[in-house]
Number of protein chains: 2
Amino acid sequence: MRVVIARCSVEYSGRLSATLGEATRLLMVKADGSVLIHSDGGSYKPLNWMSPPCVLREADDRWEVTNKAGERLVILLHEVFQDHAHDLGADPGLVKDGVEAQLQVLLAERPHVIGDGWTLVRREHMTAIGPVDLLVRDDQGRHVAIEIKRRGDIDGVEQLTRYLDLMNRDPQLAPVRGIFAAQEIKPQAKVLATDRGIDCLILDYDELRGIDDGRPRLF
Amino acid sequence: MRVVIARCSVEYSGRLSATLGEATRLLMVKADGSVLIHSDGGSYKPLNWMSPPCVLREADDRWEVTNKAGERLVILLHEVFQDHAHDLGADPGLVKDGVEAQLQVLLAERPHVIGDGWTLVRREHMTAIGPVDLLVRDDQGRHVAIEIKRRGDIDGVEQLTRYLDLMNRDPQLAPVRGIFAAQEIKPQAKVLATDRGIDCLILDYDELRGIDDGRPRLF
DNA sequence: TGTTGGATCTCGAGC
DNA sequence: GCTCGAGGTCCAACA
(Lines give C-alpha, C1' and ligand atoms only; values in the text may rest on other atoms or scores of the structure.)
Protein backbone atom coordinates (compact mmCIF):
# COMPACT_ATOMS: atom_id res chain seq x y z
CA MET A 1 0.00 0.00 0.00
CA ARG A 2 1.38 3.33 -1.08
CA VAL A 3 -0.12 6.65 -0.13
CA VAL A 4 0.75 9.81 -2.02
CA ILE A 5 -0.54 13.27 -1.34
CA ALA A 6 -0.07 15.49 -4.34
CA ARG A 7 -1.41 18.36 -6.35
CA CYS A 8 -2.51 16.64 -9.53
CA SER A 9 -4.86 16.58 -12.47
CA VAL A 10 -6.44 13.45 -13.84
CA GLU A 11 -7.90 12.16 -17.05
CA TYR A 12 -9.89 8.95 -17.43
CA SER A 13 -11.04 7.42 -20.63
CA GLY A 14 -12.74 4.05 -20.78
CA ARG A 15 -16.37 3.23 -20.17
CA LEU A 16 -16.81 7.00 -20.12
CA SER A 17 -14.56 10.04 -20.38
CA ALA A 18 -13.92 12.20 -17.36
CA THR A 19 -11.41 14.74 -16.09
CA LEU A 20 -10.31 16.15 -12.77
CA GLY A 21 -8.93 19.66 -12.62
CA GLU A 22 -5.81 20.53 -10.68
CA ALA A 23 -6.13 20.11 -6.92
CA THR A 24 -4.45 18.44 -3.98
CA ARG A 25 -5.67 14.89 -3.45
CA LEU A 26 -4.80 11.59 -1.88
CA LEU A 27 -3.61 8.86 -4.25
CA MET A 28 -3.77 5.29 -2.97
CA VAL A 29 -1.86 2.59 -4.81
CA LYS A 30 -2.72 -0.92 -3.67
CA ALA A 31 -0.56 -4.02 -3.95
CA ASP A 32 -2.47 -5.24 -6.99
CA GLY A 33 -1.63 -2.02 -8.87
CA SER A 34 -5.09 -0.51 -8.52
CA VAL A 35 -5.25 3.22 -7.94
CA LEU A 36 -7.76 5.31 -5.99
CA ILE A 37 -8.00 9.10 -6.08
CA HIS A 38 -9.70 10.59 -3.04
CA SER A 39 -10.63 14.12 -2.18
CA ASP A 40 -11.32 15.38 1.32
CA GLY A 41 -15.04 14.76 1.16
CA GLY A 42 -17.73 12.85 -0.62
CA SER A 43 -18.33 9.33 0.53
CA TYR A 44 -16.30 6.17 0.25
CA LYS A 45 -16.33 6.36 -3.52
CA PRO A 46 -13.15 7.87 -4.93
CA LEU A 47 -13.31 10.76 -7.37
CA ASN A 48 -11.67 8.49 -9.88
CA TRP A 49 -9.99 5.11 -9.86
CA MET A 50 -8.72 2.13 -11.78
CA SER A 51 -9.77 -1.34 -10.68
CA PRO A 52 -7.48 -4.36 -10.76
CA PRO A 53 -6.18 -6.03 -12.75
CA CYS A 54 -4.30 -3.07 -14.14
CA VAL A 55 -0.76 -1.80 -14.69
CA LEU A 56 0.79 1.40 -13.35
CA ARG A 57 3.55 2.91 -15.46
CA GLU A 58 5.30 5.65 -13.57
CA ALA A 59 7.25 8.45 -15.18
CA ASP A 60 8.74 11.48 -13.47
CA ASP A 61 5.59 13.55 -13.06
CA ARG A 62 3.08 11.37 -14.81
CA TRP A 63 1.35 8.13 -13.85
CA GLU A 64 -0.40 6.08 -16.46
CA VAL A 65 -2.69 3.24 -15.38
CA THR A 66 -4.09 0.91 -18.00
CA ASN A 67 -5.94 -2.38 -18.16
CA LYS A 68 -6.66 -5.09 -20.71
CA ALA A 69 -10.00 -3.57 -21.68
CA GLY A 70 -8.21 -0.47 -22.92
CA GLU A 71 -9.28 1.80 -20.10
CA ARG A 72 -6.76 4.50 -19.30
CA LEU A 73 -6.17 6.68 -16.28
CA VAL A 74 -3.56 9.40 -16.56
CA ILE A 75 -2.45 11.33 -13.50
CA LEU A 76 -0.28 14.40 -13.88
CA LEU A 77 1.66 15.14 -10.69
CA HIS A 78 2.29 18.84 -10.27
CA GLU A 79 3.62 18.74 -6.73
CA VAL A 80 4.16 15.82 -4.37
CA PHE A 81 3.75 16.55 -0.67
CA GLN A 82 4.07 13.06 0.68
CA ASP A 83 4.90 9.60 -0.61
CA HIS A 84 4.72 6.75 1.86
CA ALA A 85 4.61 2.99 1.47
CA HIS A 86 3.68 0.39 4.07
CA ASP A 87 3.25 -3.36 3.92
CA LEU A 88 -0.19 -4.19 5.30
CA GLY A 89 -0.18 -7.95 4.74
CA ALA A 90 -3.27 -10.02 4.07
CA ASP A 91 -6.62 -9.07 5.54
CA PRO A 92 -9.04 -11.48 7.21
CA GLY A 93 -11.88 -9.53 5.60
CA LEU A 94 -15.30 -8.38 6.71
CA VAL A 95 -17.62 -10.76 8.54
CA LYS A 96 -21.24 -9.70 8.27
CA ASP A 97 -24.39 -10.75 9.99
CA GLY A 98 -27.12 -11.67 7.49
CA VAL A 99 -30.56 -10.08 7.92
CA GLU A 100 -32.25 -10.79 4.60
CA ALA A 101 -33.22 -14.46 4.89
CA GLN A 102 -34.35 -13.88 8.49
CA LEU A 103 -37.55 -12.20 7.33
CA GLN A 104 -38.56 -15.31 5.43
CA VAL A 105 -37.85 -17.58 8.40
CA LEU A 106 -39.73 -15.34 10.80
CA LEU A 107 -42.82 -15.03 8.62
CA ALA A 108 -42.77 -18.77 7.86
CA GLU A 109 -42.91 -19.42 11.59
CA ARG A 110 -45.79 -17.00 12.10
CA PRO A 111 -48.20 -17.16 9.15
CA HIS A 112 -50.99 -16.26 11.58
CA VAL A 113 -49.70 -12.70 11.79
CA ILE A 114 -51.09 -12.24 8.27
CA GLY A 115 -54.48 -13.62 9.21
CA ASP A 116 -56.12 -15.82 11.82
CA GLY A 117 -56.06 -19.46 10.87
CA TRP A 118 -53.48 -19.02 8.11
CA THR A 119 -51.00 -21.89 7.81
CA LEU A 120 -47.70 -22.51 6.09
CA VAL A 121 -47.61 -24.95 3.18
CA ARG A 122 -43.90 -24.60 2.52
CA ARG A 123 -40.99 -22.20 2.09
CA GLU A 124 -39.28 -21.92 -1.29
CA HIS A 125 -42.13 -23.55 -3.17
CA MET A 126 -40.68 -24.51 -6.55
CA THR A 127 -42.16 -23.36 -9.85
CA ALA A 128 -40.83 -23.77 -13.39
CA ILE A 129 -39.15 -20.36 -13.26
CA GLY A 130 -37.93 -20.40 -9.67
CA PRO A 131 -38.98 -20.71 -6.05
CA VAL A 132 -41.76 -18.67 -4.45
CA ASP A 133 -40.63 -17.50 -1.02
CA LEU A 134 -43.69 -18.72 0.87
CA LEU A 135 -46.76 -20.72 -0.03
CA VAL A 136 -49.50 -20.53 2.62
CA ARG A 137 -53.21 -21.26 2.99
CA ASP A 138 -55.69 -18.74 4.31
CA ASP A 139 -58.36 -19.56 6.91
CA GLN A 140 -60.54 -21.08 4.18
CA GLY A 141 -57.79 -23.29 2.81
CA ARG A 142 -57.11 -21.21 -0.33
CA HIS A 143 -53.54 -20.90 -1.53
CA VAL A 144 -51.63 -17.64 -1.21
CA ALA A 145 -48.15 -17.04 -2.64
CA ILE A 146 -45.94 -14.57 -0.76
CA GLU A 147 -42.92 -12.82 -2.20
CA ILE A 148 -40.65 -11.32 0.46
CA LYS A 149 -38.15 -8.49 -0.10
CA ARG A 150 -36.26 -6.20 2.19
CA ARG A 151 -37.23 -3.29 -0.03
CA GLY A 152 -40.26 -3.79 -2.22
CA ASP A 153 -39.52 -2.60 -5.72
CA ILE A 154 -41.38 -2.89 -8.99
CA ASP A 155 -39.23 -5.84 -10.04
CA GLY A 156 -40.49 -7.87 -7.10
CA VAL A 157 -44.07 -7.34 -8.21
CA GLU A 158 -43.15 -8.53 -11.69
CA GLN A 159 -41.51 -11.58 -10.21
CA LEU A 160 -44.53 -12.46 -8.08
CA THR A 161 -46.82 -11.87 -11.05
CA ARG A 162 -44.90 -14.43 -13.10
CA TYR A 163 -45.12 -16.96 -10.28
CA LEU A 164 -48.85 -16.39 -9.90
CA ASP A 165 -49.41 -16.80 -13.65
CA LEU A 166 -47.69 -20.15 -13.54
CA MET A 167 -49.23 -21.39 -10.31
CA ASN A 168 -52.72 -20.52 -11.43
CA ARG A 169 -52.30 -22.88 -14.38
CA ASP A 170 -51.86 -25.72 -11.89
CA PRO A 171 -55.32 -27.12 -11.00
CA GLN A 172 -53.82 -28.53 -7.79
CA LEU A 173 -53.05 -24.99 -6.61
CA ALA A 174 -55.46 -22.62 -8.37
CA PRO A 175 -56.78 -20.21 -7.43
CA VAL A 176 -53.66 -18.63 -5.93
CA ARG A 177 -53.67 -15.07 -4.61
CA GLY A 178 -50.51 -13.04 -4.10
CA ILE A 179 -49.07 -11.03 -1.25
CA PHE A 180 -46.08 -8.74 -1.73
CA ALA A 181 -44.30 -8.41 1.61
CA ALA A 182 -41.40 -6.10 2.43
CA GLN A 183 -40.00 -3.87 5.16
CA GLU A 184 -40.67 -0.99 2.83
CA ILE A 185 -42.68 -0.84 -0.40
CA LYS A 186 -42.02 1.83 -3.04
CA PRO A 187 -45.12 3.77 -4.15
CA GLN A 188 -44.74 2.65 -7.77
CA ALA A 189 -44.51 -0.98 -6.72
CA LYS A 190 -47.66 -0.57 -4.64
CA VAL A 191 -49.53 0.95 -7.56
CA LEU A 192 -48.50 -1.92 -9.81
CA ALA A 193 -49.29 -4.59 -7.23
CA THR A 194 -52.72 -3.12 -6.51
CA ASP A 195 -53.43 -2.88 -10.22
CA ARG A 196 -52.75 -6.59 -10.47
CA GLY A 197 -54.83 -7.59 -7.47
CA ILE A 198 -51.80 -8.32 -5.31
CA ASP A 199 -51.99 -7.32 -1.66
CA CYS A 200 -49.12 -5.47 -0.02
CA LEU A 201 -47.80 -6.26 3.45
CA ILE A 202 -45.34 -4.15 5.42
CA LEU A 203 -43.06 -6.27 7.58
CA ASP A 204 -41.65 -4.95 10.82
CA TYR A 205 -38.50 -6.91 11.58
CA ASP A 206 -38.42 -6.18 15.30
CA GLU A 207 -42.13 -6.82 15.65
CA LEU A 208 -41.87 -10.15 13.84
CA ARG A 209 -38.88 -11.21 15.89
CA GLY A 210 -40.02 -10.02 19.27
CA ILE A 211 -43.75 -10.04 19.59
CA ASP A 212 -46.13 -12.72 18.40
CA ASP A 213 -49.26 -10.64 18.71
CA GLY A 214 -48.00 -7.73 16.66
CA ARG A 215 -49.98 -8.09 13.48
CA PRO A 216 -49.03 -6.19 10.32
CA ARG A 217 -52.01 -4.90 8.42
CA LEU A 218 -53.00 -5.64 4.87
CA PHE A 219 -53.97 -2.65 2.82
CA MET B 1 -7.56 14.69 5.50
CA ARG B 2 -5.87 12.42 7.98
CA VAL B 3 -4.25 9.13 7.09
CA VAL B 4 -3.45 6.55 9.73
CA ILE B 5 -1.84 3.20 9.20
CA ALA B 6 -2.49 0.91 12.13
CA ARG B 7 -3.07 -2.62 13.28
CA CYS B 8 -6.69 -2.53 14.31
CA SER B 9 -9.94 -4.40 14.73
CA VAL B 10 -13.31 -2.96 13.87
CA GLU B 11 -16.93 -3.40 14.77
CA TYR B 12 -19.84 -1.86 12.90
CA SER B 13 -23.44 -1.95 13.91
CA GLY B 14 -26.12 -0.08 12.06
CA ARG B 15 -27.90 -1.12 8.92
CA LEU B 16 -26.18 -4.45 9.52
CA SER B 17 -23.71 -5.85 12.00
CA ALA B 18 -20.18 -6.61 10.86
CA THR B 19 -16.71 -7.12 12.32
CA LEU B 20 -13.14 -6.92 11.11
CA GLY B 21 -10.51 -9.08 12.78
CA GLU B 22 -7.14 -7.69 13.79
CA ALA B 23 -4.94 -6.65 10.85
CA THR B 24 -2.93 -3.71 9.59
CA ARG B 25 -5.05 -1.30 7.56
CA LEU B 26 -5.25 2.23 6.28
CA LEU B 27 -7.69 4.53 8.07
CA MET B 28 -8.74 7.67 6.23
CA VAL B 29 -10.45 10.45 8.16
CA LYS B 30 -11.94 13.14 5.96
CA ALA B 31 -12.64 16.73 6.87
CA ASP B 32 -16.35 16.04 7.38
CA GLY B 33 -15.52 13.41 10.02
CA SER B 34 -16.26 10.43 7.79
CA VAL B 35 -13.98 7.43 8.16
CA LEU B 36 -12.83 4.86 5.60
CA ILE B 37 -11.05 1.62 6.40
CA HIS B 38 -9.04 0.22 3.50
CA SER B 39 -7.09 -2.97 3.08
CA ASP B 40 -4.37 -3.51 0.51
CA GLY B 41 -6.64 -4.99 -2.11
CA GLY B 42 -10.26 -5.37 -3.06
CA SER B 43 -11.79 -2.59 -5.04
CA TYR B 44 -12.41 1.06 -4.37
CA LYS B 45 -14.93 0.12 -1.72
CA PRO B 46 -13.50 0.19 1.81
CA LEU B 47 -13.77 -2.83 4.07
CA ASN B 48 -15.81 -0.70 6.39
CA TRP B 49 -16.71 2.95 6.69
CA MET B 50 -18.96 5.61 8.14
CA SER B 51 -20.54 8.15 5.84
CA PRO B 52 -21.02 11.81 6.74
CA PRO B 53 -22.57 13.39 8.62
CA CYS B 54 -21.02 11.64 11.57
CA VAL B 55 -18.91 12.34 14.65
CA LEU B 56 -15.55 10.83 15.56
CA ARG B 57 -14.81 10.54 19.27
CA GLU B 58 -11.19 9.65 19.83
CA ALA B 59 -9.84 7.98 22.95
CA ASP B 60 -6.35 6.65 23.53
CA ASP B 61 -6.58 3.44 21.59
CA ARG B 62 -10.19 3.51 20.52
CA TRP B 63 -12.11 5.48 17.92
CA GLU B 64 -15.86 5.65 18.02
CA VAL B 65 -17.75 7.03 15.05
CA THR B 66 -21.48 7.60 15.35
CA ASN B 67 -24.23 9.34 13.42
CA LYS B 68 -27.77 10.57 13.99
CA ALA B 69 -29.33 7.34 12.75
CA GLY B 70 -27.67 5.44 15.57
CA GLU B 71 -25.10 3.69 13.43
CA ARG B 72 -21.87 2.97 15.27
CA LEU B 73 -18.36 2.18 14.11
CA VAL B 74 -15.81 1.23 16.74
CA ILE B 75 -12.13 0.95 15.84
CA LEU B 76 -9.69 -0.53 18.34
CA LEU B 77 -6.13 0.62 17.62
CA HIS B 78 -3.59 -2.00 18.64
CA GLU B 79 -0.54 -0.39 17.07
CA VAL B 80 -0.18 2.85 15.12
CA PHE B 81 2.53 2.91 12.46
CA GLN B 82 1.80 6.26 10.93
CA ASP B 83 -0.45 9.21 11.54
CA HIS B 84 -0.36 12.05 9.03
CA ALA B 85 -2.65 14.95 8.33
CA HIS B 86 -2.71 17.23 5.31
CA ASP B 87 -4.99 20.04 4.24
CA LEU B 88 -6.24 19.26 0.75
CA GLY B 89 -8.56 22.20 0.26
CA ALA B 90 -11.67 22.14 -1.89
CA ASP B 91 -11.88 19.96 -4.97
CA PRO B 92 -13.21 21.11 -8.34
CA GLY B 93 -14.79 17.66 -8.71
CA LEU B 94 -15.18 15.21 -11.54
CA VAL B 95 -16.33 16.44 -14.92
CA LYS B 96 -17.85 13.65 -16.92
CA ASP B 97 -18.96 13.34 -20.47
CA GLY B 98 -22.51 12.08 -20.12
CA VAL B 99 -23.50 9.29 -22.48
CA GLU B 100 -26.94 8.23 -21.31
CA ALA B 101 -28.70 11.57 -21.42
CA GLN B 102 -26.85 12.51 -24.61
CA LEU B 103 -28.42 9.63 -26.50
CA GLN B 104 -31.87 10.84 -25.50
CA VAL B 105 -31.10 14.41 -26.54
CA LEU B 106 -29.56 13.34 -29.83
CA LEU B 107 -32.42 11.03 -30.75
CA ALA B 108 -35.01 13.60 -29.65
CA GLU B 109 -33.43 16.06 -32.06
CA ARG B 110 -33.39 13.55 -34.91
CA PRO B 111 -36.54 11.39 -34.80
CA HIS B 112 -36.31 11.12 -38.58
CA VAL B 113 -33.30 8.80 -38.28
CA ILE B 114 -35.79 6.16 -37.13
CA GLY B 115 -38.08 6.76 -40.07
CA ASP B 116 -38.87 9.45 -42.64
CA GLY B 117 -41.51 11.84 -41.45
CA TRP B 118 -41.28 10.80 -37.79
CA THR B 119 -41.69 13.63 -35.29
CA LEU B 120 -41.08 14.19 -31.60
CA VAL B 121 -44.08 14.59 -29.32
CA ARG B 122 -42.04 15.03 -26.14
CA ARG B 123 -39.16 13.76 -24.04
CA GLU B 124 -39.87 12.22 -20.63
CA HIS B 125 -43.55 11.66 -21.31
CA MET B 126 -45.14 11.05 -17.92
CA THR B 127 -47.16 7.94 -17.11
CA ALA B 128 -48.57 6.76 -13.77
CA ILE B 129 -45.52 4.62 -13.11
CA GLY B 130 -42.84 6.93 -14.49
CA PRO B 131 -41.66 8.80 -17.56
CA VAL B 132 -41.12 7.12 -20.89
CA ASP B 133 -37.93 8.47 -22.50
CA LEU B 134 -39.38 9.56 -25.83
CA LEU B 135 -42.87 9.78 -27.27
CA VAL B 136 -42.88 10.24 -31.05
CA ARG B 137 -45.29 9.93 -33.99
CA ASP B 138 -44.53 7.91 -37.09
CA ASP B 139 -45.13 9.15 -40.63
CA GLN B 140 -48.81 8.28 -40.29
CA GLY B 141 -49.25 10.11 -36.99
CA ARG B 142 -49.39 7.00 -34.81
CA HIS B 143 -47.77 7.14 -31.39
CA VAL B 144 -44.54 5.29 -30.67
CA ALA B 145 -42.94 5.06 -27.20
CA ILE B 146 -39.14 4.77 -27.13
CA GLU B 147 -37.13 3.51 -24.20
CA ILE B 148 -33.44 4.40 -24.40
CA LYS B 149 -30.64 2.61 -22.57
CA ARG B 150 -26.89 2.55 -22.86
CA ARG B 151 -26.96 -1.21 -22.55
CA GLY B 152 -30.23 -2.88 -23.42
CA ASP B 153 -31.09 -5.47 -20.81
CA ILE B 154 -34.20 -7.54 -20.16
CA ASP B 155 -35.26 -5.09 -17.44
CA GLY B 156 -35.52 -2.31 -19.97
CA VAL B 157 -37.91 -4.38 -22.08
CA GLU B 158 -40.06 -5.06 -19.00
CA GLN B 159 -40.07 -1.36 -18.22
CA LEU B 160 -41.15 -0.40 -21.73
CA THR B 161 -43.80 -3.13 -21.68
CA ARG B 162 -45.35 -1.62 -18.56
CA TYR B 163 -45.37 1.83 -20.11
CA LEU B 164 -47.01 0.48 -23.26
CA ASP B 165 -49.68 -1.37 -21.24
CA LEU B 166 -50.58 1.83 -19.47
CA MET B 167 -50.40 4.11 -22.49
CA ASN B 168 -52.57 1.80 -24.55
CA ARG B 169 -55.36 2.22 -21.99
CA ASP B 170 -55.37 5.93 -22.80
CA PRO B 171 -57.72 6.52 -25.75
CA GLN B 172 -55.87 9.79 -26.45
CA LEU B 173 -52.71 7.84 -27.16
CA ALA B 174 -53.68 4.30 -28.22
CA PRO B 175 -52.53 2.52 -30.19
CA VAL B 176 -48.94 2.97 -29.04
CA ARG B 177 -46.12 0.85 -30.41
CA GLY B 178 -42.75 0.44 -28.69
CA ILE B 179 -39.14 0.80 -29.72
CA PHE B 180 -36.31 -0.38 -27.48
CA ALA B 181 -33.18 1.62 -28.33
CA ALA B 182 -29.67 1.08 -26.97
CA GLN B 183 -26.02 1.17 -27.95
CA GLU B 184 -25.98 -2.56 -27.34
CA ILE B 185 -28.87 -4.97 -26.87
CA LYS B 186 -28.42 -8.29 -25.08
CA PRO B 187 -29.68 -11.32 -27.05
CA GLN B 188 -32.23 -12.24 -24.36
CA ALA B 189 -33.59 -8.72 -24.34
CA LYS B 190 -33.96 -8.79 -28.11
CA VAL B 191 -35.84 -12.11 -27.97
CA LEU B 192 -38.22 -10.79 -25.32
CA ALA B 193 -38.78 -7.51 -27.13
CA THR B 194 -39.49 -9.25 -30.42
CA ASP B 195 -41.87 -11.64 -28.68
CA ARG B 196 -43.82 -8.66 -27.41
CA GLY B 197 -43.92 -6.87 -30.73
CA ILE B 198 -41.38 -4.28 -29.65
CA ASP B 199 -38.85 -3.17 -32.23
CA CYS B 200 -35.16 -2.96 -31.38
CA LEU B 201 -32.91 -0.13 -32.47
CA ILE B 202 -29.15 -0.08 -32.13
CA LEU B 203 -27.84 3.45 -31.49
CA ASP B 204 -24.40 4.49 -32.65
CA TYR B 205 -23.34 7.45 -30.53
CA ASP B 206 -20.77 8.83 -32.96
CA GLU B 207 -23.09 8.33 -35.91
CA LEU B 208 -25.98 10.06 -34.14
CA ARG B 209 -23.77 12.96 -33.16
CA GLY B 210 -22.33 13.23 -36.64
CA ILE B 211 -25.55 12.93 -38.60
CA ASP B 212 -26.52 16.15 -40.26
CA ASP B 213 -30.10 16.87 -39.38
CA GLY B 214 -30.54 18.99 -42.51
CA ARG B 215 -30.86 22.22 -40.60
CA PRO B 216 -28.24 24.89 -40.13
CA ARG B 217 -26.48 24.60 -36.79
CA LEU B 218 -26.23 27.40 -34.29
CA PHE B 219 -22.69 26.49 -33.33
C1' DT C 1 -18.22 -19.01 -17.00
C1' DG C 2 -22.39 -16.01 -17.80
C1' DT C 3 -26.50 -14.35 -15.26
C1' DT C 4 -29.04 -12.44 -11.58
C1' DG C 5 -30.30 -9.75 -7.73
C1' DG C 6 -28.56 -7.20 -3.52
C1' DA C 7 -25.96 -3.12 -1.68
C1' DT C 8 -24.26 0.03 5.10
C1' DC C 9 -24.88 0.71 -2.37
C1' DT C 10 -23.55 6.11 -4.16
C1' DC C 11 -24.96 9.86 -7.01
C1' DG C 12 -27.72 13.12 -9.30
C1' DA C 13 -32.06 14.93 -11.22
C1' DG C 14 -36.77 16.11 -10.64
C1' DC C 15 -40.54 17.30 -7.90
C1' DG D 1 -36.93 17.06 1.74
C1' DC D 2 -37.90 12.85 -0.69
C1' DT D 3 -38.22 9.51 -4.75
C1' DC D 4 -36.61 7.36 -8.53
C1' DG D 5 -33.39 5.79 -12.03
C1' DA D 6 -28.53 5.02 -13.36
C1' DG D 7 -23.85 3.54 -12.27
C1' DG D 8 -16.92 3.16 -15.24
C1' DT D 9 -22.14 0.49 -10.72
C1' DC D 10 -19.47 -3.55 -7.58
C1' DC D 11 -20.22 -8.05 -5.67
C1' DA D 12 -21.31 -12.77 -4.64
C1' DA D 13 -24.25 -16.69 -5.23
C1' DC D 14 -25.84 -19.73 -8.58
C1' DA D 15 -26.89 -22.08 -12.93
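Because the structure is predicted, anything quoted here is derived from the model rather than measured. Residue numbers begin at 1 in each chain, while the letters A, B, ... track the order of the sequences.
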C:dT8 to D:dC14 separation - C1' atoms, rounded to the nearest Å: 24 Å
Rounded to whole angstrom units, what separation is found between the CH2 atom of B:Trp49 and the P atom of C:dT8? 5 Å
Should B:Lys30 and B:Val35 be marked as a side-chain contact (heavy atoms from CB on, under 4.5 Å) after you check the CA-CA gap, both sets of side-chain angles, and the distance that decides it? CA-CA 6 Å; B:Lys30 296 194 174 186; B:Val35 178; over 6 Å; no
Rounded distance in Å - CG (A:Leu94) to P (C:dA7): 14 Å
Please state how far atom NZ in A:Lys45 lies from atom P in D:dC11, giving the value in whole angstrom units. 12 Å
Counting only side-chain N and O atoms of A:Arg15, is one of them less than 4.0 Å from OP1 or OP2 of D:dC10? yes
Atom CG of B:Leu160 to atom P of D:dG5: distance rounded to whole Å? 14 Å
Give a yes or no answer on whether the side chain of B:Asp133 reaches the backbone of B:Ile148 with a donor-acceptor pair at less than 3.5 Å. yes
Indicate, with a heavy-atom threshold strictly under 4.0 Å, whether B:Met50 touches base, sugar-phosphate, or nothing. nothing
Value in whole Å for how far the P atom of C:dT10 lies from CG of A:Leu36: 16 Å
Should B:Ser51 be listed as having a side-chain N or O under 4.0 Å from OP1 or OP2 of C:dT8? no
Looking at every heavy atom in both B:Pro46 and B:Ile37, which two are closest together, and how far apart are they? CB-O, 3.3 Å
Using whole Å, report how far CG of B:Asp133 lies from P of D:dC4. 17 Å
Judged by each residue's nearest nucleotide on DNA chain D, which is more toward the 5′ side, B:Gln159 or B:Tyr44? B:Gln159
Between B:Thr119 and B:Arg137, a side-chain donor and acceptor under 3.5 Å: no
A:Arg72 and A:Ser13: side chain donor to acceptor below 3.5 Å: no
Nearest-angstrom distance from the residue atom CD of A:Glu147 to C1' of C:dT4: 14 Å
Quickly work out the B:Ile37 CD1 to C:dT8 P distance and round it to whole Å. 14 Å
Just to confirm, is there a sub-4.0 Å distance from OP1 or OP2 of D:dG7 to any side-chain nitrogen or oxygen of B:Lys96? no
Quick one: which of D:dC11, D:dA6, C:dT10 gets closest to the side chain of B:Ser43? D:dC11
